[in-house]
Peer 1: 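What follows is a single structure, and I will ask about it in a moment.
Positions are given from 1 along the sequence. All heavy atoms count here, side chains included; hydrogens, waters and symmetry mates do not.
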Amino acid sequence: MILSRRWRLSHLSLYRRLMIWLLCPLALLVAIMLLQAWLASREAADRAFDRLLDAASLSIAEQVRWQQSRLWMDLPPSALEMLSTDAEERVFYALYDAQGHFVTGNRSLPSLPAVANDQMSYGNVTSRGMSLRLGVRRSRLEGWDRSDRFEVRVAQTREGRWALANQLFMASFVNIVIIAGLAMIVVLLSARFALEPLTRLRRAIRERNPRTLAPLELALPRELAELRQALNELLARMRRVRANQERFIGDASHQLRTPLAGLSARAELALRQTDPAVWREGLTTMHGTATKTARLAGQLLSLTRLNNPEATPARHPVDLAALAQRCVREAFSRHHRHGVDLGVEIPDRPVIVSATEWQLEEALNNLIENAALYGAGRITVQVSDAPARLTVVDDGPGIPESQRLLVLRPFHRGQETGDGSGLGLAIVDSIARAHDIRLNLQPATPDHPERPGLCIALTFPADIR
């Protein structure tokens with residue numbers, strides 16, 4: 001496993017990876033060229049020396065005569081001298097008659113298969129431990145009374161051939177190495193120049209002010225221009241996110257400053273009085289303001305935590321029926337004191353969904369609290385199956401159709417009456433989007449235009465159950 005990781009290229013820079021992908025094929029190509037040069041050098045050396053064997057055998061064949069009813073040959077010195085080189089090869093020759101009997105020569109040599117048109121045949125043989133290049137010429141001795149065939153076999157050790165092949169190969173080797181070196185330099189420089197726009201892009205990003213989200217203005221090739229465009233789109237989204245955060249912070253500051261200023265003013269007025277009844281009235285008012293402020297601060301923290309993209313809590317199977325029953329039981333006494341009829345309708349069997357339990361509790365509590373704050377006298381929490389749905393129905397004033405999308409924004413209140421902060425439905429919308437839940441707002445009783453009520457349904461998709 002460790003060895004396989006070492007061979008991965010992900011830890012290398014783009015320049016090094018580019019060098020590997022360019023230089024490795026170049027090295028393979030150089031190796032193939034060197035192999036081809038070596039084979040071509042050996043072939044050229046064999047061809048050159050084979051011509052010498054051909055000339056030597058022809059010179060010997062021209063000296064073959066009939067004498068005393070047998071083949072006779074007067075070997076000219078030039079026939080073997082032409083095969084002598086600086087490598088001091090050993091040269092052998094032999095004359096054979098038509099029946100393959102040895103006539104004369106300095107060593108018996110093997111025969112080779114005949115070729116078409118009685119041409120010269122060549123082959124590599126081994127004789128007495130020596131590697132030889134053998135040439136066999138088949139010829140005919142013509143006379144007025146007879147015509148006999150004979151063979152002239154000439155062999156030569158391979159030192160000269162190897163020396164010539166090495167010499168030719170070294171010449172090709174030097175040329176190939178020089179060309180490969182120049183090609184490597186060109187590849188290195190080309191890669192440097194090709195990656196220079198990427199270096200300029202990296203430098204431009206590093207030199208930017210961390211606080212600025214202005215788009216990048218840099219002339220780049222088409223491939224990097226697409227990357228620059230993607231970065232500019234990301235910066236544009238970040239500008240929108242920062243603008244939303246700044247607006248949210250401004251709205252939150254205003255929402256918190258108003259009740260805190262009210263607390264301070266009410267406390268200052270109470271301190272100027274000496275009547276305990278006035279003090280009690282002031283403390284009661286201050287308690288209500290502090291309670292609403294604490295609820296507002298809690299909602300702000302919840303909304304901030306829900307909008308954090310790095311906070312992705314794990315989902316677990318959650319029973320909607322049990323969750324709805326628990327939330328209604330915890331909120332029943334508090335709302336009952338204020339004259340709100342709070343109830344729950346759940347099926348006999350569990351309704352299981354995959355979700356984050358505390359987020360669903362937060363959403364349901366905000367829906368119940370929001371309905372109570374805006375004048376509902378009867379609130380019913382309903383759970384249904386197939387599909388899984390959590391519904392909160394109230395008999396309050398409802399929300400006009402033109403305001404149903406606006407109320408999902410933070411600090412937007414559908415009406416000025418009521419003690420709501422404008423964050424309850426925004427929190428519910430954030431939780432619904434995090435769980436891919438379809439959020440639907442519609443009148444509970446559209447036949448009563450004066451108090452149509454509100455029905456808020458959270459429908460869970462089947463693939464998250």
Peer 1: Could you tell me the separation between the CZ atom of R334 and the CD1 atom of I368, rounded to the nearest 0.5 Å?
Peer 2: 8.5 Å
Peer 1: Determine the sole option in L360, L364, V353, L367 for which the side-chain contact (heavy atoms from CB on, under 4.5 Å) test with L458 is passed.
Peer 2: L367
Peer 1: Under 4.0 Å between a Lys/Arg side-chain N and an Asp/Glu carboxylate O for R192 and E196?
Peer 2: no
Peer 1: Looking at T157 and R90, would you say the former's side chain and the latter's main chain have a donor-acceptor pair under 3.5 Å?
Peer 2: yes
Peer 1: Which residue pairs pass the salt bridge (charged side-chain N to carboxylate O under 4.0 Å, His left out) test when at least one of the two sits in residues 22-43, sequence neighbours left out?
Peer 2: E43-R47
Peer 1: Quick one: closest heavy-atom pair of F169 and A37, and the distance?
Peer 2: CD1-C, 4.0 Å
Peer 1: State, yes or no, whether a side-chain contact exists between R389 and V383 at a heavy-atom distance under 4.5 Å.
Peer 2: no
Peer 1: Considering only NZ, NE, NH1 and NH2 on the basic side and carboxylate oxygens on the acidic side, decide whether E361 and R326 come within less than 4.0 Å.
Peer 2: yes
Peer 1: When you measure from the side chain of T445 to the backbone N and O of P452, does any donor-acceptor pair fall under 3.5 Å?
Peer 2: yes
Peer 1: Less than 4.5 Å apart, side chain to side chain, heavy atoms only: is that true for F92 and V154?
Peer 2: no
Peer 1: Looking at E226, I'd like to know if its CD atom is crowded, meaning that more than 12 non-hydrogen atoms belonging to other residues, nucleotides or ligands lie closer than 6.0 Å.
Peer 2: yes
Peer 1: Would you say that C455 contacts T391 through its side chain, given a criterion of any heavy-atom pair below 4.5 Å between the two side chains?
Peer 2: yes
Peer 1: Could you name each residue pair satisfying side chain to side chain donor-acceptor pair (under 3.5 Å) that touches residues 168-187, not counting sequence neighbours?
Peer 2: none
Peer 1: Do I32 and L28 come within less than 4.5 Å of each other through their side chains, counting heavy atoms only?
Peer 2: yes
Peer 1: Less than 4.0 angstrom from a charged side-chain N to a carboxylate O is my criterion; do D46 and R158 meet it?
Peer 2: yes
Peer 1: Please list all pairs passing the salt bridge (charged side-chain N to carboxylate O under 4.0 Å, His left out) test where one or both residues lie in residues 174-184, with sequence neighbours left out.
Peer 2: none
Peer 1: Counting C-beta onward and ignoring hydrogens, is there a side-chain heavy-atom pair between P443 and L454 closer than 4.5 Å?
Peer 2: no
